[in-house]
Amino acid sequence: MELILEKSLQCTNHHTFDLSRQGYVNVLSHGLKTKYDKQMFESRRSLYKSGVFQPLVDQIGGRIIREHESTREPLRILDAGCGEGSHLFAIREKIVQSSPHELLAVGADIAKEGIYLASRDYPDMIWCVADIANCPFASQQFHFILAILSPSNYAECQRMLKDDGMVIKVIPESGYLQELRAIFYEQSDKQLYANDNTVARFTEAFELVESERLKYSWKLEKALVEPLIRMTPLSWGCTEEDLQKAKDMDISEITIDLRILYGKKK
Ligand SMILES: C[S@@+](CC[C@H](N)C(=O)[O-])C[C@H]1O[C@@H](n2cnc3c(N)ncnc32)[C@H](O)[C@@H]1O
């Protein structure tokens, strides 16, 4: 699908997909129910507003600015599995503040609830309900494809990425949200997150340009403890008792421990 920032998108077969009133397009042929629901996306949004992911935004935004500096082309970024859109919005804000490039930012997610929130609150971007395994976008048109804490389909990334483009994948490191893991996975090896397989799969698909770890602690206001618990798949499968225990624990600090993988086509 060619991207035109108007009221509709047109595919190469000349089918037109209208943008909804909120400004998103849905290209899934049938509705899909996922475990990522409205409450989870709203909880992620609440956490996001506290600034907890700003160091990640600075890191990714800064890297994109530097990588794209020497070209004159308008910049095109896809966030594949963008959820409620806050990462992409914040990265876009950072880029437009300091880069002269025209920028088209596109967020895609299979969960309509996430895309609805993104398009409601973040204008001037394209938001799309779509499956990352079967993306509706034309080949070789993105300079950067982001996958932040979301699954990836590397064949589709390869197809959509420009030859000199870059995939930026963010995965949890062993200490990510360790305070919650300690409560939910007491006595279990799931207390530490292992991502060796994910890194291996990434390096099979792309040339690993760099791998960097971003680790910090974040002070958590009391009001954000419940959204923290609700925003993460870690709480899926937990009993209400576990959830209550986590709420009662008075978590005052949370560990953000992420790995950022930067890859290029081989
Ligand atoms: C843990 S959330 C991360 C969302 C967002 N990147 C963030 O960090 O806030 C994982 C996301 O991947 C999306 N997702 C999972 N499978 C997908 C697929 N096949 N196509 C598109 N999105 C998918 C989910 O709907 C969810 O929004």
Side-chain angles (χ1 to χ4, degrees), residues 1 24-61 77-92 105-122 125-137 142 144-157 159-160 167-173 176-177 180-181 184 193 195 198 201 214 218 224 227-237 254 256-261:
M1 188 182 295
Y24 70 84
V25 66
N26 188 342
V27 297
L28 286 182
S29 50
H30 51 283
L32 264 177
K33 193 124 191 71
T34 75
K35 281 178 122 178
Y36 294 91
D37 58 12
K38 186 163 176 263
Q39 185 187 38
M40 180 179 186
F41 288 121
E42 281 173 347
S43 301
R44 278 188 107 74
R45 177 68 64 82
S46 303
L47 253 287
Y48 212 97
K49 281 186 182 156
S50 75
V52 62
F53 288 112
Q54 193 57 43
L56 178 66
V57 167
D58 290 341
Q59 206 65 17
I60 294 178
I77 304 175
L78 170 67
D79 186 355
C82 64
E84 48 71 51
S86 293
H87 290 301
L88 184 60
F89 175 73
I91 289 168
R92 180 184 182 276
V106 182
D109 200 285
I110 206 162
K112 190 174 167 188
E113 293 77 6
I115 294 297
Y116 172 80
L117 283 184
S119 60
R120 189 192 66 186
D121 301 331
Y122 301 140
M125 298 159 83
I126 290 179
W127 299 108
C128 185
V129 182
D131 184 352
I132 53 164
N134 185 15
C135 281
F137 308 121
F142 291 104
F144 296 89
I145 297 182
L146 314 179
I148 305 178
L149 301 169
S150 58
S152 295
N153 181 299
Y154 293 140
E156 275 295 77
C157 284
R159 182 184 68 74
M160 293 183 290
V167 175
I168 303 180
K169 184 164 177 73
V170 178
I171 54 180
E173 261 291 346
Y176 184 59
L177 306 184
L180 279 188
R181 284 174 192 280
F184 292 152
Y193 186 91
N195 59 26
T198 317
R201 279 193 52 237
L214 185 64
W218 191 259
L224 289 178
L228 170 75
I229 294 166
R230 301 277 177 198
M231 78 157 198
T232 160
L234 286 176
S235 60
W236 291 349
I254 195 81
I256 302 297
D257 187 8
L258 300 167
R259 180 158 297 278
I260 313 177
L261 305 173

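Every number for a ligand or one of its atoms is a count from 1 in the order of the listing.
Interatomic distance, CG of Leu78 versus CE of Met160, reported as 5.0 Å (0.5 Å rounding). The CZ atom of Arg44 lies 6.0 Å from the NE2 atom of His87; values are rounded to the nearest 0.5 Å.
For ligand 1, none of its N or O atoms has an N or O atom of Met40 under 3.5 Å away. Between Asp131 and ligand 1, at least one N/O pair is under 3.5 Å apart. Residue His87 places at least one N or O, backbone or side chain, under 3.5 Å from an N or O of ligand 1. At least one N or O atom of Arg44 sits closer than 3.5 Å to an N or O atom of ligand 1.
Side chain of Ser235 to main chain of Ile229: a donor-acceptor pair is present (N/O by atom type, distance under 3.5 Å, no hydrogens or angles). In this structure a side-chain-to-backbone donor-acceptor pair under 3.5 Å is missing from Glu84 to Arg45.
The shortest side-chain heavy-atom distance between Ser86 and Phe53 does not fall under the 4.5 Å cut-off. Using a 4.5 Å heavy-atom cutoff, the side chains of Ile168 and Ile260 are in contact.
Not a single heavy atom of Ala133 sits closer than 4.0 Å to an atom of ligand 1. Remark: distances from the non-hydrogen atoms of Ala130 to ligand 1 include one below 4.0 Å.
Contacts between Phe41 and ligand 1 below 4.0 angstrom, taking non-hydrogen atoms only, involve the side chain exclusively. Neither the backbone nor the side chain of Ser86 has any atom closer than 4.0 Å to an atom of ligand 1 (non-hydrogen atoms only).
Among all non-hydrogen protein atoms, the one lying nearest atom 2 (S) of ligand 1 is Tyr36 CE2, 3.4 Å. The protein heavy atom nearest to atom 1 (C) of ligand 1 is Leu149 O, 3.2 Å. Closest to atom 13 (C) of ligand 1 among all protein heavy atoms lies Asp109 OD2, 3.3 Å. Among all protein heavy atoms, the one lying closest to atom 20 (N) of ligand 1 is Ile132 N, 2.9 Å.
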Apply the test ring pair (Phe, Tyr, Trp, His ring centres under 6.0 Å) to residues Tyr36 and Trp236: give CA-CA distance (whole Å), side-chain angles for both, the deciding distance (0.1 Å), then the verdict. CA-CA 10 Å; Tyr36 294 91; Trp236 291 349; 5.0 Å; yes

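The local environment of CZ in Arg159 is crowded, with over 12 non-hydrogen atoms from other residues, nucleotides or ligands closer than 6.0 Å.
Under the 30°/60° scheme for interplanar angles, the aromatic rings of Trp127 and Tyr122 are found to be tilted.
Remark: among candidates Ile148, Ile110, Asn153, Thr232, the nearest residue to atom 17 (C) of ligand 1 is Ile110, based on non-hydrogen atoms. The option from Pro151, Gly81, Gly107 that lies nearest to atom 5 (C) of ligand 1, judged by heavy atoms, is Gly81.
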